[in-house]
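A, B, ... follow the sequence lines: proteins, then strands. Residue 1 opens every chain. Here the structure is a predicted model, which means the values were calculated and not measured. Side chains included, hydrogens not; waters and symmetry mates left out as well; all remaining heavy atoms used.
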Amino acid sequence: MAMMPKRVLHRKQQRGKIRGNATRCTTVAFGAYGLQCLGMGWITARQLEAGRVAATHYLHREGNVYIRVFPDKPISAKPLETRMGKGKGETEAWVAVVKPGTILFEVGGVDEPTAKAALRRVANKMPMRCRFVRRRHGL
Amino acid sequence: MAAVLKATRRTQIGTRGAKKIRQTGSIPGIVYGHGQEPVPITLSEHEMELAILHGERVLELDLDGQVENVLIKEVQYDTFGHEVLHVDLARVSLDERVEVTVHVVLRGTPAGAAEGGVLNQVTSDIEIECLVTSIPEEIVVPVGAMKVDDMLHLKDIPLPEGATLLSDPDAVLCTVTVVAEEEVAAEAVEGEEAAEPEVIGEKKEEEAEEGAEEGEKK
């Protein structure tokens, strides 16, 4: 089942705007390799789950997969063939809001070609362009 | 041999000043330490990136004709890790001991990997104290003899001569463990139950009804 918060302050949210590049979560912190997004947008919990499944399936349970973003924004939608009005629709999905430069996934405990292949499969599940990055050591 | 970097004193300070400097192909930085006043400087971006690329930690800084040895303390990068935004340089003398962060590399395939064990590196950078002239680029730790459920601590790392460990010696460096296979099925069952999250501060339906009934009685 997809990720979602256990407790929220408000049941529904406004859409909001995404401006600028990411200033946090821009470096690989847990694994040795990561997947950095190059675009902005919403990543649904289903897409994140699909990415996680793709990576773990490819790695045959070797190594570790880390998800660095969490879908904490509720997205509401009205049912089909419904007239306008009568209040905001019910929550249909949970999304993570990401800015360019955010590290989405990390992989550790495997060699670089394996991590690259696994993260390429994850990137195919993401709704924006992504790139493979290595952990920066020292300076 | 330490590289020689030419630098000039910087008068433009703050975000706007730093942006203007970066547009000219230079990068802002600062030199501090040894009880002297901090000096904002401007460096060549290309020279600085080359020095970092070559793994230099100690540089000779030519600041308006005055040459001094400096240690690269911190480098700030942009969001995508392409461009250097700012560097921190600390004045050092060559017989001084300094605290630095060094990368730890695990070398070899653990013996436990044949039994399904996965090598997991918990700590990848450690703090050590050593002479300025003998800062290691990385510390190599052989892990070929590790079996399943074995654990290496920071105190087990072979340090270079004259270096002392500053990080917690009992902290875990790496482990070899077998990954459990039943986690996914358990997660799926748990997730199906939680259809909607709890709203903080919102009364539950039963409590609200009880409250309404009490109000009617009064």
Side-chain angles (χ1 to χ4, degrees), chain A residues 1-12 20-32 34 36-38 40 45-46 49 52-53 56-57 59-66 71-72 74 90-92 94 99-103 107-111 131 133-139, chain B residues 48-49 51-53 55-57 72-82 84 87-88 100-106 109 113 116-122 124-125 135-138 174-181 183-184 187-202:
Chain A
M1 185 66 184
M3 295 188 290
M4 63 189 282
K6 285 178 184 165
R7 301 171 76 215
V8 291
L9 195 58
H10 302 291
R11 201 183 293 275
K12 294 166 189 174
N21 293 332
T23 55
R24 54 179 68 185
C25 282
T26 57
T27 53
V28 180
F30 297 96
Q36 188 176 41
C37 72
L38 299 174
M40 61 179 75
R46 285 179 174 214
E49 177 65 10
R52 187 191 67 79
V53 170
T56 49
H57 186 249
L59 295 174
H60 301 294
R61 303 201 160 272
E62 282 180 13
N64 294 312
V65 178
Y66 304 89
D72 58 356
E90 289 305 310
T91 301
E92 196 181 69
W94 291 87
K99 292 181 172 187
T102 309
I103 302 289
V107 170
V110 290
D111 58 357
R131 67 171 189 149
V133 289
R134 295 171 193 84
R135 181 191 272 257
R136 187 187 291 278
H137 295 291
L139 303 171
Chain B
M48 193 67 217
E49 282 180 350
I52 294 168
L53 199 66
E56 302 276 2
R57 297 296 286 262
I72 305 173
K73 288 289 274 189
E74 193 186 344
V75 183
Q76 293 174 22
Y77 293 90
D78 69 337
T79 300
F80 301 99
H82 291 315
V84 176
V87 285
D88 278 22
V100 286
T101 306
V102 181
H103 175 46
V104 181
V105 179
L106 305 181
T109 308
V118 174
L119 179 67
N120 184 24
Q121 188 167 2
V122 179
S124 59
D125 297 291
I135 299 173
E137 200 168 319
E138 59 187 22
C174 61
T175 57
V176 177
T177 49
V178 178
V179 180
E181 286 194 11
E183 285 176 11
V184 176
E187 278 174 18
V189 172
E190 283 173 18
E192 282 170 9
E193 291 171 5
E196 202 166 305
E198 177 195 342
V199 179
I200 299 166
E202 190 177 76

Next item on the list: Name the member of B:E74, B:H82, B:E137, B:K73 that forms the most heavy-atom pairs with chain A at distances under 4.5 Å.
Entry: B:H82

Checklist line | Winner by heavy-atom pair count (cut-off under 4.5 Å) against chain A, out of B:V75, B:I52, B:N120 | finding: B:N120

Next item on the list: Check each atom of B:I72 against the heavy atoms of chain A and say whether the ones under 4.5 Å are side chain, backbone, both or neither.
Entry: both

Checklist line | A:R7: partners by salt bridge (charged side-chain N to carboxylate O under 4.0 Å, His left out), with sequence neighbours left out | finding: B:E198

Margin query: Are the side chains of A:N21 and B:F80 in contact, using a 4.5 Å heavy-atom criterion?
Written below: yes

Notebook entry, point to check: Partners of A:T91 by side chain to side chain contact (heavy atoms under 4.5 Å, CB included), sequence neighbours excluded?
Noted result: A:K12, A:P74, A:W94

Next item on the list: Report the distance from atom NE2 of B:H103 to atom CZ of A:R135, rounding to the nearest 0.5 Å.
Entry: 8.0 Å

Margin query: Given heavy-atom pairs under 4.5 angstrom as the criterion, report whether the side chain, backbone, both or neither of A:C25 touches chain B.
Written below: neither

Note to self: Please identify, among B:V122, B:V84, B:V118, the residue contributing the most non-hydrogen atom pairs under 4.5 Å to chain A.
What the structure shows: B:V118

Item checked: Interface moiety of B:V199 toward chain A, non-hydrogen atoms closer than 4.5 Å -> both

Margin query: Between B:C174 and B:L119, is there a side-chain heavy-atom distance shorter than 4.5 Å?
Written below: yes

